[in-house]
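Read the structure below first, then the notes.
Only heavy atoms go into these numbers, but all of them, side chains included; no hydrogens, no water, no symmetry mates.
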Amino acid sequence: QVHLVESGGGLVQAGGSLRLSCAASGRSFSSSTMGWFRQAPGKEREFVAGIGWSGSSITYADSVKGRFTVSRDNAKNMVHLQMNSLKPEDTAVYYCAASEKLPAPIMRRTAYDYWGQGTQVTVSS
């Protein structure tokens with residue numbers, strides 16, 4: 001069992017930065033693959049970034065490559081999403097997700113077993 005709570009969202013101007021954090025509880029965290037997803041109004045929830053349990057397997061959506069960085073700190077049971085050069089199209093609710101089965105992140109949201117409540121990111125133009 002993994003319980004996830006996101007934080008760090010807010011309002012930022014285009015070109016600015018935010019760092020999202022996901023605090024996880026549960027004995028299985030260190031062996032869980034973690035993912036970040038986002039959902040904008042009227043849009044499907046989409047994969048943003050993911051990181052495997054070892055931190056060596058990392059995947060990004062094409063739309064955020066070069067701007068976002070995902071990391072994890074197993075000692076603190078946390079994962080982070082550093083978002084730089086933010087654009088209005090990044091506006092969405094961002095969700096943290098976990099899988100106890102995946103050895104590496106994939107983009108399908110149905111592969112993830114646990115989800116946080118989401119944190120709002122709004123980028124103004």
Under 3.5 Å, is there a donor-acceptor pair between the side chain of [X] and the main chain of [Y]?
X     : Y      : result
Asp90 : Val123 : no
Ser57 : Ile51  : no
Tyr60 : Val70  : yes
Thr59 : Ala49  : no
Thr91 : Thr122 : no

Do [X] and [Y] make a side-chain contact, defined as non-hydrogen atoms from C-beta onward lying under 4.5 Å apart?
X     : Y      : result
Met34 : Cys96  : yes
Trp53 : Leu102 : no
Gln39 : Tyr95  : yes

- Task: I would like to know whether Lys87 and Arg67 meet side chain to side chain contact (heavy atoms under 4.5 Å, CB included); could you show each step before the answer?
- Result: CA-CA 10 Å; Lys87 302 182 290 186; Arg67 299 189 298 122; 3.6 Å; yes

Minimal non-hydrogen separation, [X] against [Y], with atom names:
X     : Y      : result
Ala98 : Val2   : CB-CG1, 4.2 Å
Val64 : Arg38  : CG1-NH1, 4.0 Å
Pro88 : Ala14  : CD-CB, 4.1 Å
Gly52 : Pro105 : N-CD, 3.7 Å

Can you tell me how far [atom2] of [Y] sits from [atom1] of [X], rounded to the nearest 0.5 angstrom?
X      : Y     : atom1 : atom2 : result
Tyr112 : Ser99 : OH    : OG    : 7.0 Å
Asn84  : Thr69 : CG    : OG1   : 6.5 Å
Phe68  : Ser85 : CZ    : OG    : 9.0 Å
Trp115 : Leu4  : CH2   : CG    : 10.0 Å
Asp73  : Ser71 : CG    : OG    : 8.0 Å
Met83  : Ser17 : CE    : OG    : 8.5 Å

- Query: Between Gln117 and Glu6, do the side chains contain an N or O donor and an N or O acceptor separated by less than 3.5 Å?
  - Reply: yes

- Query: Strictly by modelled atom types, are His80 and Ser21 linked by a side-chain donor-acceptor pair under 3.5 Å?
  - Reply: yes

- Task: Would you please classify the geometry between the Phe37 ring and the Phe47 ring as parallel, tilted or perpendicular, with 30° and 60° separating the classes?
- Result: perpendicular

- Message: For residues Val12 and Leu81: do they belong to one hydrophobic cluster (side chain heavy atoms under 4.5 Å, members Ile, Leu, Val, Met, Phe, Trp, Tyr)?
- Response: yes

- Query: Do the side chains of Tyr114 and Val79 join up, straight or via other hydrophobic residues, at under 4.5 Å, putting them in one cluster?
  - Reply: yes

- Any residue meeting salt bridge (Lys or Arg N to Asp or Glu O under 4.0 Å) with Arg72, in chain and number order, not counting sequence neighbours: none

